[in-house]
Amino acid sequence: MNNQEFTEKYYIRREKGNSVKWQRGRKEKCLPMWIADMDFKDDERVIFALKDFIEEGDYGYANLPQDYYKVFIDWHKRRNDIEYRQEWIRFTRGAVDAMYQIIYSLTDSSDGILICTPLYPPFKATIKESGRKVYESKMINNDGFFTFDYKDIEKKFRSKKIRMMMLCSPHNPVGRVFKKGELEELFDLCHQYHVLIVSDEVHSDIIMPDQEFIPSLAFRKYRNEIISIVAASKSFSLAVFSHCHVIIPNAKLRKKFIEYQRHNHLGSVNAFNALPTYYNYLYGEKWLDSLNNVVFENYEYFRKQLGNELEISTLEGSYLIFVNIGEYSTESSAAKCLQKDCGLLVNAGETFGKGYDGWVRINLATSMDNVKKAVRNIKKLIRNKAAD
Ligand SMILES: Cc1ncc(COP(=O)(O)O)c(C=O)c1O
């Protein structure tokens, strides 16, 4: 299926529904390109299977489908050449929920946790709200290509009481799919300084052509020092179902995590909410491959049209780009400028880290028509600035 056919078949007009993204768009009379969900509906076989469940009418207590774990494990084996084991897998009601549960169960209130910024804001928020100390290492930016500042990370590991590093891989908002060498150097450091790695991999199915996603747990030698957060929620836009996996190979850590879940009545999985993940892993693979092509075409278009004027992050994974509008912004916050001058709702750079007020995060999981409209409006802003 080509990109146009995909869009014609799956694009949803979400303006009238309860979509958080589009309701705000309607209220502000803007084209919404903020928040990380997609404007495409699932493959029809997934919808059909869900309808079937609903129509069956049996809404009593339920187990997961018998082959749920097999289907989950096969998906990750097939797509990323990693073999997760069933006993490593726990469930939460989302990735942010997983972050809270991991922090509470596996760190002490006096522990520090490192993150690399710019970064999806809930990382910092969960650390702060759970009373732990946040350490931020600013990533190195080479013309929109962001990577780790190992010297700074090591300095912080050496001088502060840091017990955990929360990694976002692929990285939101800078779109990086980290190379093996980059991850290895990071994990070597974490190992050396006894820092537990939590790897949020919820964007790991949205991978651009010629990129290879390497799951953190593929580093076998560090398997006991890594916990991964894995979900189909970004891959197939399933946020409303609140279903996520936490993968903990280390038996001692897993025991602590399970105890925490038991004490807080969080140990059971919602079998209904798991169904869309299950059906998508069964039926959604071709859909996902087409979706990745659509996102990449949107990115290439955006870059071709605006890459000379704006610094744009390299999109290797996810459908989110981080864009530096600073030079053309008529407001101290570029996101405010895009809203006021371009009729676009985007995520404000300053929410991802200090010093990013001139940046915005733009969601490209939408139709080419919407991307073209956004580009047109940003071009006008650039032209107006040049005419000043
Ligand atoms: C990297 C990352 N982690 C977590 C989340 C939130 O996931 P959930 O809705 O499952 O809490 C997002 C949502 O955008 C995300 O980009």
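Each ligand, and each atom within it, is numbered from 1 in the order the structure gives. Because the structure is a prediction, the values reported are computed rather than measured.
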Practice task
Check whether the ring centres of Tyr84 and Tyr69 lie less than 6.0 Å apart, and answer yes or no.
Solution key: no
Practice task
Please find out if less than 6.0 Å separates the ring center of His245 from that of His243.
Solution key: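 Ring centres of His243 and His245 closer than 6.0 Å.
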Exercise for the section: Indicate if Phe6 and Phe236 have the same hydrophobic cluster label, given that clusters are the connected sets of ILVMFWY residues with side-chain heavy-atom separations under 4.5 angstrom. Expected result: yes
Problem - Tyr150 reachable from Met166 in the ILVMFWY side-chain graph, under 4.5 Å edges - result: no
Fill in the blank from the handout: So the ring pair (Phe, Tyr, Trp, His ring centres under 6.0 Å) pairs with at least one residue in residues 326-345 (sequence neighbours excluded) are none
Fill in the blank from the handout: among protein heavy atoms, the one nearest atom 6 (C) of ligand 1 is Tyr120 OH, 3.2 Å
Problem - Identity and separation of the nearest protein heavy atom to atom 10 (O) of ligand 1 - result: Ala95 N, 2.7 Å
May I ask you to list the atoms of ligand 1 that are less than 4.0 angstrom from any heavy atom of [X]?
X: Val96; value: 6 (C), 11 (O)
X: Asp200; value: 1 (C), 2 (C), 3 (N), 4 (C)
X: Ala36; value: 14 (O)
X: Val202; value: 1 (C), 2 (C), 3 (N), 15 (C)
X: Asn172; value: 15 (C), 16 (O)

Practice task
Considering only protein heavy atoms, determine whether one is less than 4.0 Å from atom 8 (P) of ligand 1.
Solution key: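 When distances to the protein are checked, atom 8 (P) of ligand 1 has a heavy atom within 4.0 Å.
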Problem - Under 3.5 Å side-chain donor-acceptor pair for Glu201 and Ser199 - result: yes
Practice task
Could you tell me whether the side chains of Asp341 and Thr330 share a donor-acceptor contact shorter than 3.5 Å?
Solution key: yes
Practice task
Could you say whether the N/O atoms of Phe123 and ligand 1 ever approach to under 3.5 Å?
Solution key: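 In fact, backbone or side chain, Phe123 has no N or O that close.
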Handout entry: Arg361, His203, His243: member with heavy atom nearest to atom 16 (O) of ligand 1
Key = His203
Practice task
Just do the side-chain contact (heavy atoms from CB on, under 4.5 Å) check on Glu225 and Cys190 with the steps written out, would you?
Solution key: CA-CA 9 Å; Glu225 297 153 46; Cys190 290; over 6 Å; no
Handout entry: Close approach of Cys168 to ligand 1, heavy atoms, under 4.0 angstrom
Key = yes
Problem - Residue-ligand contact Lys234/ligand 1, heavy atom below 4.0 Å - result: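 Checking ligand 1 against Lys234, which is what was asked, there is a heavy-atom contact under 4.0 Å.
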